[in-house]
Amino acid sequence: MNLNKLQEWLQASGNDVAYISNPTTIAYFTGYDMEPHERIFALLAFKDSDPFVFVPALNVEEAKNSAWDGDVFGYLDSEDPWAVIADKIKGRTSEYQKWALEKNNLSVAHFQLMHEQFPDANFDGDVSNFIAKIRLYKTPEEVKQLQAAGREADFAFEIGFNAIKTGVTERYIAGQIEYQLKVQKGVMHESFETIVQTGTNAANPHLGPTMNKVQPNELVLFDLGTMHNGYASDASRTVAYGEPSAKAKEIYEIDREAQQAAIDAVKPGMTASELDGVARDIITKAGYGEYFIHRLGHGIGKDVHEYPSIVGGNDLVIEEGMCFSIEPGIYLPGIAGVRIEDCGVVTKDGYEPFTHTSKELKYIPLSD
């Protein structure tokens, strides 16, 4: 489960201990997924000793019966977890002077409590970038999970489109999507709050859903995703309810052209900046560049937003096995907003999306 890579990194970087605190990262390395809430959940890895997972006492048996086959140690609510961790570390290795932390995750308060247990240790190491880079390349099994999550997103679009009618609220439509995902597909967690935006609300990319009501002859924007066996989907579609304005239809077709051009352009060897430019140039030449106000895409995997960022100025070379979104948007305040998004995997000669809902502008008949 890539723990050997973590141990190799510790040895190469000159660190003795890696303290992994992000539950998603722990699941990536161990196969054990748990939400600790306010309690302590950690993976301790060492350059020359076996790793262990540290959990609250009430999760010990669950962790032992999970995919993780290493040691599990727990603590009672009445105990000081940091003292227990320190005791387990000192019982495992004599080399714990140089630490690498997930600095993009660990709170200052938790760092200080751990530091009190090892006052002479050096905590300068940061394992965050290493973790982001090894998670960048997905295995065939990971791609299968992402594809399955994509199929759930396609189902969610179908439910959402069918829920559109005059007078219903954005929250009603979002609620129908989430309910039917649970009832029909057994999906218990979305990868983020389902976004449904109708009319001018869609010009604010991350607003909603609100109690705004669907009105005839508007665009309706959907941005949604699910979690499937610990892997995320994320996709956007924009549809027409009735006959929207000529301007709304114009920006839809420009955005669709830009998104498809970017998908068609993906190939190993190009940079993230070059790919962003493919879509951005089309939108800019059409006169709407100032209304494309975010990056073209982001990585996806166990988190809905992962490394890398597909954006101008990023010279990261795109390679086979990387998974990321392609999602240009055009947002005209007071008029309409359009975003079309697929996530997919880079292949040896292109890009395979995980979602397949049509991107031809879909017209939903008016209904009361």
For this session: Using a strict 4.0 Å threshold on nitrogen-to-oxygen distance, state whether Asp16 and Lys98 make a salt bridge.
Result: no
When every non-hydrogen atom of Pro51 is compared with those of Trp68, the smallest separation belongs to CG-CH2, 3.8 Å
> Going only through I, L, V, M, F, W and Y residues with side-chain contacts under 4.5 Å, is there a path from Ile283 to Leu275?
Replying inline: yes
Value for CD1 (Ile195) from CG (Asn204), rounded to nearest 0.5 Å, stands at 9.5 Å
Exercise. Answer yes or no: is there a side-chain heavy-atom contact under 4.5 Å between His206 and His294?
Key: no
Looking at Phe46, is its backbone amide N or carbonyl O close enough to the side chain of Gln7 to form a donor-acceptor pair, meaning the two atoms are under 3.5 Å apart?
yes
Answer with yes or no whether the side chains of Thr210 and Asn201 bring together a donor and an acceptor at under 3.5 Å.
-> yes
Checklist entry - Do the side chain of Glu341 and the main chain of Ser325 share a donor and acceptor less than 3.5 angstrom apart? => result no
- Query: Under 6.0 Å from the six-membered ring centre of Phe118 and within 45° of its axis: does the NZ or CZ of Lys90 meet both?
  - Reply: yes
Original post:
If you measure only the distance, is there a donor-acceptor pair under 3.5 Å linking the side chains of Thr25 and Glu102?
Top reply: yes
**Asked** Does a side-chain heavy-atom distance below 4.5 Å link Met188 with Lys182?
**Response** yes
When every non-hydrogen atom of Pro36 is compared with those of Phe41, the smallest separation belongs to CB-CB, 3.6 Å
Looking only at heavy atoms, the pair that brings Ala248 and Ala336 closest together is CB-CB, 4.2 Å
Would a 4.5 Å heavy-atom cut-off, applied to side chains only, mark Asp77 and Arg39 as touching? yes
Handout entry: More than 12 heavy atoms from other groups under 6.0 Å of NZ on Lys362
Key = no
Over-ring placement of Arg280 relative to Phe292, 6.0 Å and 45° cut-offs: yes
*Have Asp342 and Thr355 got a donor and an acceptor in their side chains that come within less than 3.5 Å?*
yes
For residues Met34 and Ile26, determine if any side-chain heavy atom of one lies less than 4.5 Å from a side-chain heavy atom of the other. no
Is it possible for you to say whether Phe123 and Ile40 belong to one hydrophobic cluster, with membership spreading through side-chain heavy-atom contacts below 4.5 Å?
yes
Main chain of Glu158, side chain of Asn162: is a donor-acceptor contact present, judged purely on distance under 3.5 Å?
yes
In this structure, CZ of Phe324 is separated from NZ of Lys138 (nearest 0.5 Å) by 11.0 Å
Is it the case that Glu218 and Thr198 place a side-chain donor and acceptor less than 3.5 Å from each other? yes
Leu43/Leu3 under side chain to side chain contact (heavy atoms under 4.5 Å, CB included): CA gap, chis, key distance, verdict = CA-CA 10 Å; Leu43 168 66; Leu3 266 173; 3.9 Å; yes
* To do: Might you work through the ring pair (Phe, Tyr, Trp, His ring centres under 6.0 Å) test for Tyr172 and Tyr179, ending with a clear yes or no?
  => CA-CA 10 Å; Tyr172 170 84; Tyr179 175 72; over 10 Å; no
Next on the checklist: Distance alone, cut at 3.5 Å: any donor-acceptor contact between the side chains of Tyr288 and Glu250?
Outcome noted: yes
What one should report as the nearest heavy-atom pair of Lys302 and Thr24 is CB-CG2, 3.6 Å
- Determine whether the side chains of Glu170 and Asn212 contain a donor N or O and an acceptor N or O closer than 3.5 Å. yes
So CD of Glu178 and CG of Leu224: to nearest 0.5 Å the spacing works out to 9.5 Å
task = For His298 and Glu327, test the side chains for any donor-to-acceptor distance below 3.5 angstrom and give the result as yes or no.
result = yes
task: Answer yes or no: does atom NZ of Lys213 have more than 12 heavy-atom neighbours from other residues, nucleotides or ligands under 6.0 Å?
output: no
Under 3.5 Å side-chain donor-acceptor pair for Thr357 and Asp154: yes
To the nearest 0.5 Å, atom CG of Leu221 lies from atom CD1 of Ile340 at 9.0 Å
Q: Treating Ile, Leu, Val, Met, Phe, Trp and Tyr as nodes and any side-chain heavy-atom pair under 4.5 angstrom as an edge, say whether Val196 and Val338 lie in one connected cluster.
A: no
message = Is it the case that atom NE2 in His189 sees more than 12 heavy atoms from other parts of the structure closer than 6.0 Å?
response = no
Heavy-atom closest pair (Gln184 atom, Ile159 atom, distance to 0.1 Å) is NE2-CD1, 4.1 Å
(Q) Can a donor-acceptor pair be found, under 3.5 Å and without considering hydrogens, that links the side chain of Arg295 to the backbone of Ile310? (A) no
dist Gln147:CD -> His228:NE2 (nearest 0.5 Å) comes out at 10.5 Å
Those residues at least two apart in sequence (or on a different chain) that pass ring pair (Phe, Tyr, Trp, His ring centres under 6.0 Å) with Phe222 are Phe161
- Query: So, Asn105 and Ser21: side-chain donor and acceptor under 3.5 Å apart, yes or no?
  - Reply: yes
- Item | pair Leu146-Val345: side-chain heavy atoms closer than 4.5 Å | no
Heavy-atom nearest pair, Gln197 first then Leu207, reads NE2-O, 2.6 Å
_The test is side chain to side chain contact (heavy atoms under 4.5 Å, CB included); show your working for Gln259 and Ile326 and say whether it passes._
CA-CA 7 Å; Gln259 204 249 359; Ile326 295 178; 4.1 Å; yes
Practice task
Report yes or no: is the cationic atom of Arg92 (NZ for Lys, CZ for Arg) under 6.0 Å from the centre of the six-membered ring of Phe52, at an angle within 45° of the ring normal?
Solution key: no
When rounded to the nearest 0.5 Å, the distance separating OH of Tyr96 from CG of Asn122 is 15.0 Å
Partner of Tyr241 under side-chain contact (heavy atoms from CB on, under 4.5 Å), picked from Leu219, Asn217, Thr166, is Thr166
Under 3.5 Å: donor-acceptor pair, side chain of Asp223, backbone of Ser236 = no
Using atom types as modelled, flag every donor-acceptor pair under 3.5 Å from a side chain in residues 56-65 to any protein atom, sequence neighbours excluded.
{"unit_1": "Asn59", "atom_1": "ND2", "unit_2": "Glu62", "atom_2": "OE1", "d": "3.3"}
{"unit_1": "Glu62", "atom_1": "OE1", "unit_2": "Tyr32", "atom_2": "OH", "d": "2.4"}
{"unit_1": "Asn65", "atom_1": "ND2", "unit_2": "Glu61", "atom_2": "O", "d": "3.1"}

Decide whether Phe73 and Met114 are clustered together by the hydrophobic rule: side chain heavy atoms of Ile, Leu, Val, Met, Phe, Trp, Tyr closer than 4.5 Å, transitively.
yes
(Q) Treating Asp303 as the side-chain partner and His305 as the backbone partner, does any N or O pair qualify as donor plus acceptor under 3.5 Å? (A) no
- prompt: Is a side-chain donor or acceptor of Lys103 paired with a backbone partner of Asp124 at a separation under 3.5 angstrom?
  reply: yes
Q) Would you say Lys165 has more than 12 foreign heavy atoms packed within less than 6.0 Å of its NZ? A) no
* To do: Would you check if the side chain of Ser233 reaches a backbone N or O of Thr226 as a donor-acceptor pair within less than 3.5 Å?
  => yes
Review point. Does Val266 belong to the same Ile/Leu/Val/Met/Phe/Trp/Tyr cluster as Val311, with side-chain heavy atoms less than 4.5 Å apart forming each link?
Key: no
Flag the pair Tyr28 / Ile20 as yes when at least one side-chain heavy-atom distance between them is below 4.5 Å, and no otherwise.
-> no
Within the distance-only criterion (no hydrogens, no angle test), does the side chain of Arg151 pair as donor or acceptor with the backbone N or O of Phe354 below 3.5 angstrom?
-> no
Sequence neighbours excluded, the answer for ring pair (Phe, Tyr, Trp, His ring centres under 6.0 Å) partners of Phe155 is none
Hydrogens and angles aside, do Gln112 and Glu116 bring a side-chain donor and acceptor to less than 3.5 Å of each other?
no
Exercise. Report yes if the side chains of Leu181 and Ile177 come closer than 4.5 Å at any heavy-atom pair, otherwise no.
Key: yes
